[in-house]
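First comes the structure, then the notes that go with it.
Side chains are part of it too, since the values below use all heavy atoms of this structure and drop only hydrogens, waters and symmetry mates. Order of listing sets the numbers, starting from 1, for every ligand and every atom in it. Keep in mind that this is a model prediction, so the values were computed, not measured.
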Amino acid sequence: MARPILSFLSGALLATTSLGAPAATSCTATAYSDVSAAVASCTAITLSNIAVPAGSQLDLTKVQPSTTVTFAGTTTFGFKAWENPLILIGGTDFHITAASGAIIDGNGQAWWDGQGDNGVENTDGFNVKATNVLIQDITVINQDDCVAVSSGASNVTVRNASCDGSHGLSIGSVGSDTTIKDISFYDSVVKNSQNGVRIKTVSGATNSVVQNIVYQNIALSNISSYGIIVEQDYLNGGPSGTPTNGVTIKDVVFQNVTGTVTSKAKDYYVLCGSGSCSNITFSEVKVTGGTGDSCNYGSLC
Ligand SMILES: *[C@@H]1O[C@H](CO)[C@@H](O)[C@H](O)[C@H]1NC(C)=O
Ligand SMILES: *[C@@H]1O[C@H](CO)[C@@H](O)[C@H](O)[C@H]1NC(C)=O
Ligand SMILES: *[C@@H]1O[C@H](CO)[C@@H](O)[C@H](O)[C@H]1NC(C)=O
Ligand SMILES: *[C@@H]1O[C@H](CO)[C@@H](O)[C@H](O)[C@H]1NC(C)=O
Ligand SMILES: *[C@@H]1O[C@H](CO)[C@@H](O)[C@H](O)[C@H]1NC(C)=O
């Protein structure tokens, strides 16, 4: 997950209007070379059919406060094998939206191996390392995490996401010395994917906390590896089988997470380190179709 399509850095993503604020300055960028000037001087920016050259990023980290950015038409990206987000978003108090029919075509297939795994690079849909973020009404078709909420994120809500072909709705990977808290995923669908929902902490990581997490009203279908995973043994892109307890996972609710996985998949995989998981509850959870579930914490298996 080193090269997400969209990456939120510090700051806040909010849908707000401020009374008394100066009137928005509107600009439409139709070429990649117009974008930085629009970002510097406009607070209502339309990005219309932007073609981002290979090796370049669509950099929206310097938007002014109270800016709205609207993606229109199809945004495309040239291919270069590198590990950087294609779109970088940061700042304070801004809103990003899409005009009807808008598509961000990350050209992911150029990076992927077509086998559902990490491919040449990793290619998350949304990678969020930020505070006070609302992501809603999104459709992601990709081959890595649909949404990955990671280091330092707090108060992040994801609602009405539709994930297809992905690695699921993820917290992590969680490494050392970080806190990820107050994260909620609601009313979402994950289909044709490796995983459904997961919390993954890195084997050997220390001094980190994952707290106050909600997965609610999530429908899974055609999941090929794991329906629900809480794992403290994540290493080199997958479970190593050796959990460690340097990351605390607490106050987590899985509610009304339902659906099906393929027959070779596991419905559930919960592998906590010694004493490092607490207050993780599962209610109205029912994932079926798989074999070989394994849980060392909680009531799922
Ligand atoms: C959490 O983020 C939302 C934006 O999604 C914001 O409206 C809300 O005020 C934030 N809550 C706190 C406690 O900061
Ligand atoms: C969910 O998001 C989709 C776009 O992906 C939108 O068409 C649909 O209306 C949204 N559903 C709700 C209940 O808002
Ligand atoms: C199930 O998902 C896989 C990808 O993991 C996809 O190749 C396959 O076509 C899907 N099957 C159905 C019936 O949609
Ligand atoms: C459970 O989640 C599904 C979506 O997966 C939703 O349609 C259903 O209304 C939810 N049930 C309750 C009791 O909220
Ligand atoms: C368990 O977690 C829930 C939130 O998920 C929280 O409301 C509750 O206070 C926690 N219980 C304890 C005993 O910490």
Side-chain angles (χ1 to χ4, degrees), residues 6 8-19 21 63 65-69 89-97 126-140 146-147 149 152-164 166 168-169 171 179-193 195-199 209-223 227-228 230 247-261 267-268 270 272 275-289 297-300:
L6 287 171
F8 292 92
L9 300 177
S10 58
L13 179 65
L14 302 170
T16 56
T17 50
S18 317
L19 289 174
V63 290
S66 305
T67 293
T68 295
V69 178
I89 297 169
T92 304
D93 189 9
F94 55 89
H95 183 201
I96 298 198
T97 189
F126 289 79
N127 191 305
V128 186
K129 304 175 179 178
T131 57
N132 305 336
V133 178
L134 171 63
I135 297 175
Q136 65 182 355
D137 305 336
I138 58 164
T139 300
V140 175
C146 176
V147 178
V149 178
S154 68
N155 188 26
V156 175
T157 299
V158 177
R159 190 188 294 279
N160 187 28
S162 175
C163 306
D164 188 343
S166 74
L169 295 171
I171 305 276
T179 296
I180 298 175
K181 63 173 182 160
D182 306 330
I183 314 297
S184 303
F185 296 91
Y186 298 117
D187 307 333
S188 294
V189 169
V190 183
K191 61 185 176 187
N192 308 326
S193 295
N195 311 296
V197 298
R198 63 175 170 176
I199 298 174
V209 177
V210 175
Q211 182 175 13
N212 197 18
I213 310 296
V214 176
Y215 283 98
Q216 187 174 6
N217 303 342
I218 314 286
L220 311 179
S221 62
N222 188 25
I223 304 297
I228 297 177
V230 177
V247 180
T248 296
I249 301 178
K250 63 181 176 184
D251 307 340
V252 180
V253 175
F254 292 88
Q255 185 176 7
N256 188 25
V257 178
T258 61
T260 55
V261 303
D267 305 314
Y268 312 119
V270 178
C272 289
S276 46
C277 292
S278 63
N279 193 22
I280 304 179
T281 59
F282 303 94
S283 65
E284 303 161 69
V285 168
K286 190 172 185 198
V287 179
T288 59
Y297 177 93
S299 54
L300 273 186

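- Listed for the Tyr215 side chain is a donor-acceptor partner under 3.5 Å among the backbone atoms of Leu169.
- The protein atom (non-hydrogen) at minimum distance from atom 13 (C) of ligand 4 is Glu284 OE1, 4.2 Å.
- Contacts with ligand 1 closer than 4.0 Å are made by no heavy atom of Thr157, backbone or side chain.
- Between the side chain of Ser166 and the backbone N or O of Gly168 there is at least one donor-acceptor pair closer than 3.5 Å.
- Within the 3.5 Å criterion, the main-chain N or O of Ser276 finds no donor-acceptor partner in the side chain of Tyr297.
- Close approach of ligand 1 to Val133 is summarised as follows: ligand atoms under 4.0 Å from at least one heavy atom of the residue are 5 (O).
- The protein atom (non-hydrogen) at minimum distance from atom 6 (C) of ligand 5 is Asn279 ND2, 4.1 Å.
- Heavy-atom proximity to atom 3 (C) of ligand 1, evaluated over Leu134, Asp93, Asn155, is greatest for Asn155.
- Heavy-atom minimum distance, Thr131 versus Gly152: CG2-O, 4.2 Å.
- For the residue pair Asn192/Asp164, the side-chain donor-acceptor check at 3.5 Å is satisfied.
- Of the protein's non-hydrogen atoms, Asp251 CB, 4.1 Å is the one closest to atom 4 (C) of ligand 5.
- Side-chain N/O atoms of Asp251 and Asn212 include no donor and acceptor closer than 3.5 Å.
- Looking at Asn212 next to ligand 5, no N or O pair under 3.5 Å apart turns up.
- Short contacts between ligand 5 and Val253, defined as distances under 4.0 Å to a heavy atom of the residue, involve ligand atoms 5 (O).
- Considering each of Asn256, Val257, Ile218, the one bringing a non-hydrogen atom nearest atom 10 (C) of ligand 4 is Asn256.
- A donor atom on one side chain and an acceptor atom on the other are not found under 3.5 Å apart for Thr288 and Thr260.
- Those atoms of ligand 4 with a heavy atom of Ala219 less than 4.0 angstrom away are 5 (O).
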